[in-house]
Amino acid sequence: MMLFGMTAGGTTAALAQRVEARLPGSPAEGGSNAGSGDDVLVLAAFEVSGDQVERTAYEGNMDLMRTEYDVQPYSIIGREYISRSGATTVEDLLRQQLTMSTAFSSGAQSATGYGGSASSFSLRGLSSAETLVLINGRRVAGVGRSASTEASDQPDLNGIPLAAIERIEVLPASASAIYGASALGGVINVVLRRGYSGHEFNTRYETTDDGHASIETFNWTSSFQFEGGRSELLISAQYQDTRALYVHQRDFRQKGRQRILENDPAAFYTDAGTTGNPPWGALVNIRSRDGSPLFGPGSSHFTHIPLGYRGWQIDGLQPLIDNQGTYNLDLARGMASGFSADEELIGASRSKSFSLNGSREMTERLRVFLDGGYSHSEQNPYDTWYGARVVTLAADSPNNPFGQDVAVAYPVRNADRRNSSEVNTTIRGERVALGFEYELPRDWRLVGNYSWSHSVNHHMYLTRHGSPTREEAIHDGILDVLRDTTSFPTLIDDYAAPLHRLTNSWSGDSTLRLAGTLGEGWWYGGAITLASGVEHRELRSSNVAGSSSDLHPPPTYRRQQTDSFYAETSVPLVHAGRSIRALYALDAQVAVRHERYNVESVGSEYDTTVPTFGFRWLPVQELILRTSYGRGFRAPTYAQLTVPTFSTSLSTVNDPRRGGEAVEVRRLTGGNPDIVPETSRNLNIGLVWSPRAVPGLRLSADWFKIEKRNNITSPGTQTILDEEALFPHRVIRAAPDPGDPYGVGQVLEVHTYSMNMLMLETSGIDLGARYRLQTGSAGDFETAINATLSDYYRTQTSVTSGVINRLGVPSYSGPLEKRINGSLSWNRRQWNIGWATQYYGSYRLSPTGRGSTTSIRRQGGPRVASQIYHDLFVRYRLAARRRALSNVELTLGVKNVFDKAPPVDMSRSYYYSTFGDPRLRRLYANVKKTF
């Protein structure tokens, strides 16, 4: 995090050396930059605007105002574009707009996940833990997942109203020298609105064209100024209610099952004489466990129970004999089924949020500020209770008429569930920052800041628990599943208990920063910008991770302190505009950051230092050539640093040095206090061209390459034995017996605790084009297109494996080969009409990993088809004279105009590609009233 540190070119409005936009259509000429950085300073050519450090870079934000003309390839999404995007949350917006985003699904598409409706972002194929998310340039306590804050340190951006955001700055590059730890894949910085004057009320309603999954949003934003403008206050509040979309409201599941029947019928109709389970259906399906005939020689080994069947003691076995050789494969109603119509494709959620920003000029040189926010979201979806869907009924069960073990797949109707919802996820976040800015002589500025934040994630779900267990109750005949469980009560909640996973995370951050310029008299090329700062950050967490064997374990406490120092300079090597052939301007940036970590809860200390540097060259005023190199790092987590412990159970492995003999060994597992941070290095080379001959045109191309090393992992027991020479001191053997033919003793222990190994590398190019045409009476036209074309994404899965190219394999974080967005808008007087398109290239199912072969077989091939979606909006600003209708803006929009369904993806749980939205075509209306 930096307040005044500059990206290459040293160009922000906060500094005396300021690079102004002088291109036609840029803000400096009164134009708009809609679609990328609306109302954000856009930089192109160098021009010194004066010696006064302007206040615009401060505005209470602890990070710089970034631009698309920087030495590093920033993408800026401005206020105007946010308001017309049709998005309902920040996650929705960035999934739609960022071609370098590689998140495969959203929080809304994972209704029962540990993260609830919280946002999650991944850039360049690196994980959410390696993509840094900031609010006003500050770190905020992350949302814990599965009772660990360290699975993703990202805060929940969905708790921030879109109406409260001024712009979003995205840097898809390693930049830890500027932003600190976790900035390996990139940085997303949400800058909240300031300087707004007036009051604004927004109400929005969105629904599918068949009336499902509605979203209602209400937002109020007000600004107040006191003491003649010396004090200002901005308040924003929002409530949002998102309704669920259920499986039975779409046909993805049915189409997926039909494809399985076409391409892999053995998945349901396994051969006689083989072991297997029956498939899920709307009625009870039965199969002999080992594939033997159910009703005597020559009979089938499977059947299903008909509707209304009361049990074999009452209705006999004839109805089951009549159905032999058939399964019921329809969608079940009720949640105790793996093929239920009542599961949620889009999770229902309710959220509320509040933010407050204020500042006051204490003297002509001193200003103090306050920034605070609160958010709360809750999900209550149904879930398919784990383990409550298929059971083995033993041959000796008093309720088993078949005389052999049978597997039973049964649904349970929701009317028999005592819990209206099996899952509850509540996420709450609070943040507050206090600080000051003091203007020193000669354009220097001192800024101090303390920020505090807290997040809570409480996830509750049902799990098997108690005595007798569900399996025991079925075996003993207490719970009867050999009847129509959709017509008669089957109370399985008696054999479950609520499991709670609770994560609390606190962050406290103190910073002191100093920045300014050395005037032109100090350096022949112009003013030099200098920036430096110190920071102390403390992270604390309390985690409770219940399990089916221990519903109420004691909490785990973690504490970590980080001290950092950074320094940065931006140096003009050639004064802008000097008469040098092919050298209109040239400047350089150098930054360095040192961070020292003290993980008090495990007694581990380590430090790291990383640089960033770059050059920006303007051979002519309208062309920028830029290159930058940066390093990134990710600190080890608490779990990765803990002292290893011996596993409570033995593992059976084969010893290749003793002829492959099977042996049971102890495993030393867990963390490793000696591991070091994961590291990355990033190279960017690009250009930005804004030709004077075509006013309003901007073209850009940026090639990138990211290499990541020292990845932390825990190798498998058998892997270590197979390559023992690569893992010194990790295999402990007994002394060989005299005359032992193998020459080595038997294995006693294998140490599988964490270590630094493996690698990742990715490369590609980002392309951008934007053109604005101002015609006067016919209005203004603007078109934009952005694309990310990835060359490769190579990862190493183990120290013994080669490098695997997983480009276009999103289930393994691999970016798509092609991702393209485009937009066209027209603006004239009160009217604004826009069209947007998102294209996702075809991708591959994973050829390796659990279930990969099965998914490809059921898909009918290794690829999922490309997909393209179109959105449309029409906005009208009323010019009515009546006071009640003045300053009213009405927006009508359609998402997925052509009602395009996502393609089939048999590797996903609901059989559709999660790059698409299962709601299909959606209609929305937004009314905004300003006062």
Side-chain angles (χ1 to χ4, degrees), residues 2-22 28 41-58 63-67 69-72 74 175 177-178 437-447 512-534 565-594 610-630 684 688:
M2 297 184 61
L3 174 60
F4 291 108
M6 298 174 57
T7 54
T11 54
T12 75
L15 304 168
Q17 167 93 20
R18 181 181 175 193
V19 178
E20 289 279 8
R22 298 302 182 194
L41 181 66
V42 179
L43 310 177
F46 287 79
E47 180 173 315
V48 178
S49 65
D51 352 333
Q52 189 62 33
V53 175
E54 300 187 20
R55 201 179 286 279
T56 51
Y58 159 58
D63 191 41
L64 291 172
M65 181 181 290
R66 306 295 175 173
T67 80
Y69 292 87
D70 219 303
V71 71
Q72 297 191 86
Y74 282 91
I178 297 175
E437 177 191 26
Y438 187 73
E439 296 182 14
L440 299 170
R442 298 183 180 274
D443 300 325
W444 285 78
R445 185 161 296 192
L446 181 68
V447 177
L512 187 64
R513 308 165 190 270
L514 178 67
T517 60
L518 299 177
E520 294 190 19
W522 288 80
W523 179 249
Y524 73 92
I528 298 175
T529 300
L530 300 173
S532 63
V534 293
F565 168 80
Y566 81 89
E568 186 169 8
T569 182
S570 178
V571 181
L573 302 178
V574 174
H575 197 289
R578 286 192 174 176
S579 300
I580 303 177
R581 186 178 179 85
L583 190 55
Y584 180 81
L586 176 66
D587 66 335
Q589 175 215 20
V590 179
V592 65
R593 174 180 287 265
H594 177 82
V610 290
T612 290
F613 56 84
F615 296 91
R616 188 172 62 168
W617 167 39
L618 280 73
V620 293
Q621 187 176 7
E622 57 198 26
L623 177 63
I624 298 176
L625 303 177
R626 58 189 181 185
T627 182
S628 60
Y629 172 84
N684 285 277
V688 181

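Only heavy atoms go into these numbers, but all of them, side chains included; no hydrogens, no water, no symmetry mates.
Counting heavy atoms from C-beta on, the side chains of Arg513 and Tyr566 come closer than 4.5 Å. Phe613 has its side chain out of reach of Thr569: every pair of non-hydrogen atoms, C-beta onward, lies at least 4.5 Å apart. In this structure, the side chains of Trp522 and Thr517 stay at 4.5 Å or more apart for every pair of heavy atoms.
For the atom pair CZ (Phe615) and CD (Gln589), the distance works out to 10.0 Å, reported to the nearest 0.5 Å. Separation of atoms CD (Gln72) and OG1 (Thr612) is listed at 6.0 Å; rounding is to 0.5 Å. A distance of 10.0 Å separates CZ in Phe565 from CZ in Arg593, rounded to the nearest 0.5 Å.
Taking Pro619 as the reference, Trp617, Leu623, Leu625 meet the side chain to side chain contact (heavy atoms under 4.5 Å, CB included) condition, with sequence neighbours excluded. Taking the side chain to side chain contact (heavy atoms under 4.5 Å, CB included) definition, one finds that Leu512 meets it with Phe436, Leu446, Val534, sequence neighbours left out.
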Before giving the answer on side-chain contact (heavy atoms from CB on, under 4.5 Å), spell out for Arg626 and Val688 the whole-Å C-alpha distance, their side-chain angles and the decisive distance to 0.1 Å. CA-CA 8 Å; Arg626 58 189 181 185; Val688 181; 3.7 Å; yes
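Residues Pro611 and Ala177 come closest through the heavy atom pair C-CB, 3.6 Å. Between Ser570 and Pro572, the shortest heavy-atom contact is O-CD, 3.9 Å.
Within the 3.5 Å criterion, the main-chain N or O of Leu518 finds no donor-acceptor partner in the side chain of Trp523. Within the 3.5 Å criterion, the main-chain N or O of Val574 finds no donor-acceptor partner in the side chain of Tyr524.
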